[in-house]
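We count residues from 1, following the sequence as given.
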Amino acid sequence: MRKLLYLACLATLPAWAALDADLVAARSGGPALTQAVDSAQGSLLESYPRYWALARNLDQAGSAEVQAFLQRYPDSVLAERLRLDWTKRLARSESWAEFAVEYARLPAVARDEDVQCSDTLRRLRQGDGDAVSEARARWLSQRSSPAGCSALFDALAASGKLNDAELWKRVRLLLSAGSVNSARAISQLAGQPLSAAQVNSPSTADLSSVAGRESALLAIQRQAKNDPNGAAQLLNSLASRLPKTDQGYAWGQIGLAAAKRMDMWNALSAYAKADPRQLSDEQWEWWARAALRQNQWDTVAQVTADMPDTLRNLPSWTYWQGRALKQRGKTTDANSRFARISTLNSFYGLLAREELGTSVGETPARYSPSEREISSMRQNPSVARALALFDIGQRFARPEFREDAKREWRFAMRNQPDENLLAAAEVGRQAGFYDMAIYSADRTASLHDFNLRYLSPYRDITQRYARQLNLDEAWVYGLIRQESRFVHIARSGVGASGLMQLMPATAKWVANKIGLGSFSVNDIGTNIQLGTWYLRHVFDGLDDNAVMATAAYNAGPGRARAWQSGEPLEGAIYAETIPFTETRDYVQKVMANAVHYTANFGGSALRLKERMGWIPAR
């Protein structure tokens, strides 16, 4: 009966709508997929059911079948996805000649870590010296091991090209990442296998052996996560039996743990005894952050000067090194650092620009694409498919089609000049595909449209609730842009929903507070009403401080308070030293967004450093 009703509905739909329904049904496979392969023939989305059918049975597919698809739909995102998956299958079957051909055809941007490792393995087996160096570098630095990398590491370990020191470095890396079984397996290759007893009860370890020392270092690292002081005491008690290099490694672990727990004095004390040669990027960054929190600008200057080039040249550490130099009276050197990043419109770019005496209002003139440019971008095959898939996702409430649309859109934006990017952004805006409109506008290098980069849809609703609650409208928009990119049906991995990404319990609590009965959290007006009320609530509870309230909106008010210092703290330093990477990035982006929205809305110029202000003492 259900099938008859479905067929009756199809009969009343226009041809394109019936095809869309066929595609939705085909996504699950079965007879509907076979039917869709035929019904989609000659349509804009004809490649999709063919791709689904082939991808479902790729392990049984032959090379001829795969090549037929690749040749029929060249220069498409689906061809690229199929080639990547096919290349991985060729690696698993060790069909290296064909693998090499397909790998060479994959654009560099499409080569993930897995397939890169497989290519290194191919060349390693051919005796390529560069491949040995690449494999060794991954061995000593890479924590994750997708299938291709696991095969590469197995081959490297079996090749005899690793010395004992390199084997134990890998063991240490895996132990620190919590991959105990993998670490134990590698320790066997070194002739001193780590036993389960050593890992689980390090106090019984024999420190005269490498395995015993590594288990002791693991015990110190584990204790440091919850009790850095206790870990320091344990390390001191073992110091006479540990080599200096092992002690230096352990002090670096304790410094990192203490800094992330906001115990900056003990963190700096530990870092002073650490071995800089063994510090990870994360440890270098938290050394600098500990110095920032303690107002030790000489240490900030020294650490940012000594950290690896890849870190030192990041906008964040370029800015903080400039600030440290400025504090020491080296204005010329400081300004040269600020100038390097002053063209960026991100958090640290804006702060650097302000240090140089310029502001966000002095951005390049707006570029508006012509109707011809907009029309031409609509006809781009990948953009056209993206819009069609986006429409299906909206009408049928199927988020997987929306994800397909985003892949098509991103594929279409590769290597596009600024004019085309802005034309695409306008196409996305007109279609209501707001997140991809922002994606395109964000990528321009010289020509800009900040009204597209910082879109403000639903402004009548947002402005109404912001005014009712006496909230800064630019701040609210900065938060929504970061939360959902204006996707009103957005849902996070932890269950937050809607434009302002409200958790179910929070939405229900706020609804009860304001006397709202039944509600849909994805309704645009309702979500903004609930979200702005909650934002005002955390703002009121955190000394009317927007920086702390932004952190609280993402991580909770308790954490936002815990990250305060015993002394008043510069807002930018508070944000930099938030121990959750996601929340740190969130706060910085929301506050930078607010500066741009203020400029778009024609408000009074409030610089980012003024917005960040000062965080009151705990």
Side-chain angles (χ1 to χ4, degrees), residues 259 261-265 267-268 286 288-301 315-317 319-328 334 338 346-360 470-472 474-476 478-479 482 535-580 583-598 603-618:
R261 292 177 64 84
M262 300 285 120
D263 184 1
M264 299 308 187
W265 188 89
L268 290 171
W286 278 101
R289 288 175 182 139
L292 280 171
R293 290 275 295 207
Q294 294 297 105
N295 202 34
Q296 293 188 12
W297 290 102
D298 285 347
T299 303
V300 173
S316 54
W317 300 116
Y319 172 77
W320 287 119
Q321 188 176 59
R323 284 286 305 277
L325 291 168
K326 189 172 182 177
Q327 287 284 335
R328 301 168 82 189
F338 298 140
S346 55
F347 183 79
Y348 286 109
L350 294 178
L351 287 176
R353 200 180 303 173
E354 291 171 6
E355 291 291 337
L356 293 170
T358 56
S359 69
V360 70
N470 195 26
L471 288 172
D472 176 8
W475 178 37
V476 174
L479 186 142
Q482 186 59 27
L535 184 60
R536 181 75 224 191
H537 169 74
V538 296
F539 181 70
D540 289 342
L542 292 166
D543 301 309
D544 292 352
N545 188 282
V547 175
M548 291 179 66
T550 303
Y553 196 93
N554 180 264
R559 291 192 179 103
R561 292 189 195 95
W563 298 331
Q564 289 176 271
S565 176
E567 302 291 335
L569 189 67
E570 184 182 333
I573 294 177
Y574 173 89
E576 179 60 60
T577 55
I578 290 173
F580 294 175
T583 305
R584 181 169 62 250
D585 181 67
Y586 177 87
V587 171
Q588 292 174 351
K589 286 181 176 175
V590 168
M591 299 308 290
N593 289 348
V595 172
H596 289 294
Y597 276 112
T598 298
S604 58
L606 184 61
R607 296 190 169 200
L608 179 55
K609 196 168 184 179
E610 294 170 334
R611 276 191 175 276
M612 298 303 293
W614 285 80
I615 308 300
R618 188 185 303 115

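- Residues Y348 and W317 are not in side-chain contact: their nearest non-hydrogen atoms beyond the backbone lie 4.5 Å or more apart.
- Atom CZ in R289 sits 13.5 Å away from atom CG in L268 (nearest 0.5 Å).
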Quiz item: Could you go step by step and tell me if V587 and F347 meet the side-chain contact (heavy atoms from CB on, under 4.5 Å) rule?
Solution: CA-CA 10 Å; V587 171; F347 183 79; over 6 Å; no
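- The minimum heavy-atom distance between A617 and G566, with the atom names listed, is CB-O, 3.4 Å.
- Contact check on R323 versus E570 returns a salt bridge, with a Lys/Arg side-chain nitrogen under 4.0 Å from an Asp/Glu carboxylate oxygen.
- Looking at P579 and M262, their side chains come closer than 4.5 Å, going by heavy atoms from C-beta outward.
- Side-chain contact between I578 and Y586 is absent, with no heavy-atom pair separated by less than 4.5 Å.
- The two atoms that bring V300 and A288 nearest to each other are CG2-O, 4.1 Å, heavy atoms only.
- Closest non-hydrogen pair, K326 versus A334, comes out as N-CB, 3.7 Å.
- Residue P557 comes nearest to L542 through the heavy atom pair O-CD2, 4.3 Å, listed as atom of the first residue, atom of the second, then distance.
- Taking each heavy atom of Y574 and A551 in turn, the nearest pair found is OH-CB, 4.1 Å.
- The number of heavy-atom neighbours closer than 6.0 Å to CZ of R559, taken from other residues, nucleotides and ligands shown, is 12 or below.
- The CD1 atom of I573 sits 6.5 Å away from atom CG of N295, with the distance rounded to the nearest 0.5 Å.
- Side-chain contact, T577 with R293: a donor N or O sits under 3.5 Å from an acceptor N or O.
- Electrostatic pairing of D543 and R561 does not count as a salt bridge here, judged by no charged N lying under 4.0 Å from a carboxylate O.
- Between F539 and W475, the gap from one ring centroid to the other is short of 6.0 Å.
- Note that CG of N545 is 4.0 Å distant from CD1 of I615, once rounded to the nearest 0.5 Å.
- Using a 4.0 Å cut-off between charged nitrogen and carboxylate oxygen, K609 and E355 count as a salt-bridge pair.
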Practice problem: Check the pair V595, E610 against side-chain contact (heavy atoms from CB on, under 4.5 Å), reporting the backbone distance first and the verdict last. | Solution: CA-CA 10 Å; V595 172; E610 294 170 334; over 6 Å; no
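- A distance-only check finds no donor-acceptor pair linking the side chain of R584 to the backbone of A575 [under 3.5 Å].
- Residues A290 and A259 come closest through the heavy atom pair CB-CB, 4.5 Å.
- Taking OG1 of T550 as the start and CZ of R611 as the end, the distance is 9.5 Å to the nearest 0.5 Å.
- Without hydrogens or angle criteria, R328 side chain to D298 main chain gives no donor-acceptor distance under 3.5 Å.
- Atom-to-atom distance recorded for F338:CZ and L356:CG is 7.0 Å, nearest 0.5 angstrom.
- A side-chain donor-acceptor contact under 3.5 Å links E576 and W320.
- From Q327, atom CD reaches atom CH2 of W297 across 5.5 Å, with rounding to the nearest 0.5 Å.
- The backbone N or O of K589 lies less than 3.5 Å from a partner atom in the side chain of N593, making a donor-acceptor pair.
- Two residues are said to be in side-chain contact when any heavy atoms from C-beta on lie closer than 4.5 Å; R353 and L608 fail this criterion.
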